[in-house]
Colleague: 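Sharing a structure below in structure tokens format, with a few things to ask.
Positions are given from 1 along the sequence. All values derive from a computational prediction rather than experimental measurement.
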Amino acid sequence: MISRPAPAPLAGGDGGIAGAPRHVAIIMDGNGRWAKARRLPRIAGHRQGVEAVRKVSRAARELGIEVLTLYAFSSENWRRPPAEVSDLMGLLRRFLRNEVEELVREGVRLRVIGDYRALSPDLVEMVEDVVERTRDAEGATLVIALNYGSQREILAAARRVAEAARDGVLNPDTLDEAVFETFLDTHDLPPLDLMIRTSGEQRLSNFLLWQAAYAELLFVDTLWPDFDGATLAAALSSYGMRHRRFGGL
Ligand code: IPE
Ligand code: IPE
Ligand code: MG
């Protein structure tokens, strides 16, 4: 008889048919290819991508998704040409300015994960302003990953754990998954149920590596600017048929 205690059951699934996801994350990829196919500059694809963000975040709320996490800018995206980075920052600025009223009206809480403080000071201020204004909203949560990289997030958490241990406020013997998660950017979000990547690429590109441990993965060929409420609904029905086991039967 093996005496190792069973790990606590994970929230978000009971080992049966998945049903409806609480927390969906999307790697919004393919803006550049969408533009290229139309002989347009890449920025045109990013602009259309912002339209998709508007449509899909609205659809997610209508479909009852509690938390939608969108990968908007990775810590590796700084490797792109400065002109493209600046276009992306401009679109983010416009998105925050234009969407804030709708988010407030709809009772959406905006959260940001990633090192957004490294963005330009006016953007940092805008981000913090929207987050503050929607802090107590009781509707859905929209999480935007800005200058986010999962390895860096995990390292930062490990560093804070080490500091807490050094300062005697955390006993290393009590460190487990649940305690460690309180140090991650996603500490106040429900477990990730479904991770979608558009554009046919099949990799995580440093997105939510810890959180995806038991998430269902869905790779779709649709380019992000073409993704809409119907594509999201189709993704949810495909998720609903998955059998989540969490290591059990
Ligand atoms: C996703 O589209 C947007 C960001 C990464 C900011 P891409 O710009 O990566 O589009 P492709 O992959 O070049 O088609
Ligand atoms: C991932 O897309 C980042 C975002 C969607 C923000 P990329 O297009 O940057 O990923 P790679 O470089 O193809 O892995
Ligand atoms: Mg890409």
Side-chain angles (χ1 to χ4, degrees), residues 24-63 65 68-103 110 112-116 118-120 122-124 126-127 130 142-150 194-208 212 217-239:
V24 176
I26 308 183
I27 302 176
M28 311 184 287
D29 199 11
N31 294 352
R33 277 161 284 168
W34 184 93
K36 192 171 182 205
R38 288 163 181 74
R39 298 173 187 278
L40 294 170
R42 291 179 59 84
I43 172 81
H46 294 313
R47 259 192 226 117
Q48 208 54 41
V50 175
E51 285 311 308
V53 168
R54 285 205 183 95
K55 277 190 279 183
V56 172
S57 52
R58 228 168 271 157
R61 297 199 284 277
E62 285 162 14
L63 290 163
I65 295 171
L68 177 68
T69 299
L70 300 176
Y71 204 6
F73 193 86
S74 75
S75 49
E76 287 74 34
N77 285 146
W78 299 106
R79 293 180 184 146
R80 296 190 178 199
E84 176 157 345
V85 170
S86 141
D87 283 344
L88 288 167
M89 294 301 154
L91 285 173
L92 173 63
R93 200 171 273 122
R94 190 152 8 122
F95 174 82
L96 290 170
R97 198 179 299 133
N98 294 343
E99 288 308 285
V100 58
E101 296 311 330
E102 166 157 352
L103 296 178
L110 185 87
V112 170
I113 57 173
D115 294 335
Y116 74 92
L119 304 183
S120 70
D122 72 306
L123 264 172
V124 174
M126 284 177 89
V127 165
V130 184
L142 176 63
V143 185
I144 313 261
L146 291 176
N147 189 22
Y148 175 88
S150 196
L194 172 63
M195 162 96 81
I196 302 171
R197 183 171 189 144
T198 61
S199 88
E201 306 293 350
Q202 302 192 9
R203 54 177 171 267
L204 298 184
S205 299
N206 206 10
F207 194 42
L208 301 177
L217 307 181
L218 181 66
F219 300 101
V220 299
D221 288 334
T222 313
L223 301 174
W224 175 250
D226 292 326
F227 200 93
D228 60 12
T231 341
L232 180 63
L236 295 198
S237 36
S238 142
Y239 169 86

Colleague: Return the orientation label for the Tyr71 and Phe207 ring planes: parallel under 30°, perpendicular over 60°, tilted otherwise.
Modeller: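 The arrangement is parallel - the two ring planes meet at less than 30°.
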Colleague: Could you measure the distance from the CE atom of Met89 to the CG atom of Asn77? Nearest 0.5 Å is fine.
Modeller: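 So the CE of Met89 and the CG of Asn77 are separated by 8.5 Å.
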Colleague: Do you know which two heavy atoms are closest between Leu142 and Ser57, and how far apart they sit?
Modeller: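 Shortest heavy-atom separation between Leu142 and Ser57 comes out as CD1-CB, 4.2 Å.
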Colleague: Looking only at non-hydrogen atoms, find the nearest pair between Asn147 and Ala118 and report the distance.
Modeller: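 For Asn147 and Ala118, the tightest heavy-atom pair comes out as ND2-CB, 3.6 Å.
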Colleague: Report the distance from atom CD1 of Ile144 to atom CG of Leu96, rounding to the nearest 0.5 Å.
Modeller: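 Those atoms lie 7.5 Å apart.
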Colleague: Distance-only criterion, 3.5 Å: show the donor-acceptor pairs between side-chain atoms of residues 217-225 and protein atoms not counting sequence neighbours.
Modeller:
from, atom 1, to, atom 2, distance (Å)
Trp224, NE1, Gly49, O, 3.0

Colleague: Mind checking what makes side-chain contact (heavy atoms from CB on, under 4.5 Å) contact with Arg42, not counting sequence neighbours?
Modeller: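 For Arg42, the residues satisfying side-chain contact (heavy atoms from CB on, under 4.5 Å) (neighbours in sequence not counted) are His46, Arg80, Glu84.
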Colleague: Write down the atom of Ser75, the atom of Trp78, and the distance for their closest heavy-atom approach.
Modeller: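 Here Ser75 and Trp78 meet closest at O-CD1, 3.2 Å.
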Colleague: Looking only at non-hydrogen atoms, find the nearest pair between Gly229 and Leu63 and report the distance.
Modeller: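 So the two residues come closest at O-CD1, 4.4 Å.
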Colleague: For a side-chain contact (heavy atoms from CB on, under 4.5 Å) check, start with the C-alpha distance between Leu92 and Phe73, then their side-chain angles and the critical distance, and finish with the verdict.
Modeller: CA-CA 10 Å; Leu92 173 63; Phe73 193 86; over 6 Å; no
Colleague: According to side-chain contact (heavy atoms from CB on, under 4.5 Å), who are the partners of Glu102, at least two apart in sequence or on a separate chain?
Modeller: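 In terms of side-chain contact (heavy atoms from CB on, under 4.5 Å), with neighbours along the sequence ignored, Glu102 is linked to Arg58, Arg61, Glu99, Arg105, Glu106.
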Colleague: Would you call Arg38 and Gln48 a side-chain contact if the rule is heavy atoms closer than 4.5 Å?
Modeller: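 Not in contact.
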Colleague: To the closest 0.5 Å, what do you measure between CG (Leu119) and CG (Leu146)?
Modeller: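 Leu119 atom CG to Leu146 atom CG measures 6.0 Å (nearest 0.5 Å).
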Colleague: Within this structure, what is the CG-CG distance for the pair Leu68 and Leu232, rounded to the nearest 0.5 Å?
Modeller: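 With rounding to 0.5 Å, CG (Leu68) is 7.5 Å from CG (Leu232).
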Colleague: Please check this pair: side chain of Arg93 against backbone of Leu123, looking for a donor-acceptor N/O pair closer than 3.5 Å.
Modeller: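 No; zero donor-acceptor contacts below 3.5 Å.
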Colleague: Write down the atom of Gly45, the atom of Ala35, and the distance for their closest heavy-atom approach.
Modeller: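 Taking every non-hydrogen atom into account, N-CB, 3.7 Å.
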Colleague: Got Leu208 and Tyr148 here, is their nearest side-chain heavy-atom distance under 4.5 Å?
Modeller: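 The answer is yes, as the side chains (C-beta and beyond) meet within the 4.5 Å cut-off.
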Colleague: Any chance you could measure Ile196, atom CD1, to Asp29, atom CG, to the nearest 0.5 Å?
Modeller: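 It is 13.5 Å, given to the nearest 0.5 Å.
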Colleague: Among Arg54, Lys55, Arg47, which residue satisfies the side-chain hydrogen bond (donor to acceptor under 3.5 Å, both in side chains) criterion with Glu51?
Modeller: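 It is Arg54, the one option of Arg54, Lys55, Arg47 that forms the side-chain hydrogen bond (donor to acceptor under 3.5 Å, both in side chains) with Glu51.
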Colleague: Pair Val130, Val112 - check side-chain contact (heavy atoms from CB on, under 4.5 Å), show working.
Modeller: CA-CA 10 Å; Val130 184; Val112 170; over 6 Å; no
Colleague: Looking only at heavy atoms, which two atoms of Asp226 and Thr231 are closest? And how far apart?
Modeller: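 Here Asp226 and Thr231 meet closest at O-OG1, 4.1 Å.
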Colleague: Look at atom CZ of Arg94 and say whether more than 12 heavy atoms of other residues, nucleotides or ligands are closer to it than 6.0 Å.
Modeller: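 12 or below, so no.
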Colleague: Atom CG in Leu194, atom CD1 in Ile26: separation rounded to 0.5 Å?
Modeller: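 Rounded to the nearest 0.5 Å, the CG-CD1 separation comes out at 8.0 Å.
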